[in-house]
Student: 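Could you have a look at this structure, given as structure tokens, before my questions?
Worth knowing before you read on, the calculation uses all heavy atoms, side chains too, and leaves out hydrogens, waters and symmetry mates. Every number for a ligand or one of its atoms is a count from 1 in the order of the listing.
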Amino acid sequence: MAGSVPIGGGCAMGLSKIKHVRAFTATGGGADYHDQQGAHWIDDHIATPMSRYPEYRQSRRSFGINVLGTLVVEIEAEDGTIGFAVTTGGEPACYIVERHLARFLEGRDPVEVEKIWDQMYFSTQYYGRKGLVINAISGVDLALWDLLGKLRGEPVCHLLGGAVRDELQFYATGARPDIARDLGFIGGKLPLHHGPAEGSEGMEKNIALLADMRGKCGDDFWLMYDCWMSLDVDYATRLAQRAWDECGLKWIEEALSPDDYWGYAQLKKNAPRGLLVTTGEHEATRWGFRMLLDMECCDIIQPDVGWCGGITELIKIAHYADTRGAMVIPHGSSVYSYHFVVTRHNSPFAEFLMMHPGPTEVVPMFAPQLLGEPVPVNGRIRASALDRPGFGVDLNPDVPLHRPYTH
Ligand SMILES: C[C@H](O)[C@H](O)[C@@H](O)[C@@H](O)C(=O)O
Ligand SMILES: [Mg+2]
């Protein structure tokens, strides 16, 4: 009978099969947004786990924060439609995509996101689980959702159940929360500049900067500190207490090593009531985030959809967080997080990373790689701005791409 679904077989109404998977590298900002040249706030004496070594204290590029570069994944269907995505991963991620992951996609129906993710994860579990391999899986998963949306003529947020609000509201990450306030953002997240190795002098500078911004931004504007894994429990506890008492800090972010679940649980106990403890941008998979939530490490989890496993995994992470009443505020990852956040009740706002060097103005986060990337106006993006197939962006043809491996 016409249109019947063969028993046991795929749906007779299947989409155009996947024909080719290709992986490229790109350098100079974009998804590897730490890969900036010249003076930029994002590389100006920011505290990191490497700050204990004076030679690596001034610049994160000095210890290699930008060694990987961007991974660009393209998935082409038999009808010529191409889905793509960008994330952090560079040449080693290209190798994993071309030589290991591609086999689980080529010849398959792009609707099989769950089965493909399961095969990508468990086939690489013996050497993956977190970090680069999950970045590569994330890049493939995001490109697959982009392809699925383009084949169906729908934005990814529609495939995820549709928007639950008319607009996204953003806090801004960057060195100038005072300018972010004037631009209409709901809060400003500062990078922490001094860690334990700089002793009490560094602590006083951290507090002085925050106090200065509190004076410029007024009492009601959210101010947060991003500590980028640079602290220990004692220093983080003292910073949290003073920043809360003296400057009304809203949250202290990623204070400790992502592996120190026990330290986060202690910091959460130590933190003054009302100050939020957040982390997660360097955590991966539903299992990693379950550990953060079950060990009561934080109030808000901040997965990066390009690093935690992609949309297919972030759905599971967010559902688990929702059962525990935890907010999921994804780490800034341009349209890849916007299409997700707008569909989640427990993601009431989003992060916008200010990639202008000052930062004194709003520029697209993954510039120059994505064309059509929406940016917040008055700190907001209308849900309707996402109404284009897939993730609604195009790869800039002027960005040089290199395909280091084939299969
Ligand atoms: C501003 C922070 O140091 C990082 O560069 C930033 O990418 C990340 O931690 C964030 O939360 O945006
Ligand atoms: Mg952060």
Student: Any salt bridge between Glu204 and Arg242, counting N to O under 4.0 Å?
Tutor: yes

Student: Which residue in the set Ile311, Asp304, Leu370 passes side chain to side chain contact (heavy atoms under 4.5 Å, CB included) when paired with Tyr336?
Tutor: Leu370

Student: Have a look at ligand 1 and work out which part of Gln302, if any, has a heavy atom under 4.0 Å from it: side chain, backbone, both or neither.
Tutor: neither

Student: What's the shortest distance from atom 12 (O) of ligand 1 to any protein heavy atom, and which residue and atom give it?
Tutor: Glu351 OE2, 2.5 Å

Student: Can any side-chain N or O of His193 pair as donor or acceptor with the backbone N or O of His45 at less than 3.5 Å?
Tutor: yes

Student: Just which atoms of ligand 1 are under 4.0 Å from any heavy atom in Lys189?
Tutor: 10 (C), 11 (O), 12 (O)

Student: List every atom of ligand 1 that sits less than 4.0 Å from any heavy atom of Thr173, numbering the atoms from 1 in the order shown and giving each element.
Tutor: 1 (C), 12 (O)

Student: What angle sits at the Mg ion (ligand 2) between OE1 of Glu281 and OD2 of Asp226, to 10°?
Tutor: 170°

Student: In terms of residue, atom name and distance, what is the protein heavy atom nearest to atom 7 (O) of ligand 1?
Tutor: Tyr33 OH, 2.6 Å

Student: Going by the order shown, which atoms of ligand 1 are within less than 4.0 Å of some heavy atom of His34?
Tutor: 4 (C), 5 (O), 7 (O)

Student: So, do Tyr405 and His100 have ring centers that fall under 6.0 Å from each other?
Tutor: no

Student: In ligand 1, which numbered atoms sit nearer than 4.0 Å to a non-hydrogen atom of Ile42?
Tutor: 5 (O)

Student: Identify, by atom number and element, the atoms of ligand 1 in contact range of Leu353, meaning under 4.0 Å from any of its heavy atoms.
Tutor: 7 (O), 12 (O)

Student: Which atoms from ligand 1 have a heavy atom of Trp228 less than 4.0 Å away?
Tutor: 3 (O), 4 (C), 9 (O)

Student: Relative to ligand 1, is Arg60 under 4.0 angstrom through side chain, backbone, both or neither, heavy atoms considered?
Tutor: side chain

Student: Do we see a donor-acceptor contact under 3.5 Å between the side chains of Glu254 and Thr279?
Tutor: no

Student: Do you know which two heavy atoms are closest between Ala326 and Leu293, and how far apart they sit?
Tutor: CB-CD2, 3.7 Å

Student: Evaluate Glu351 against Thr173 for side-chain hydrogen bond (donor to acceptor under 3.5 Å, both in side chains), listing each step before the verdict.
Tutor: CA-CA 7 Å; Glu351 176 181 10; Thr173 297; 2.5 Å; yes

Student: Any donor-acceptor pair under 3.5 Å linking the side-chain atoms of Glu283 with those of Tyr261?
Tutor: yes

Student: Of all the atoms in Glu253, is at least one N, O or S atom closer to the Mg ion (ligand 2) than 2.8 Å?
Tutor: yes

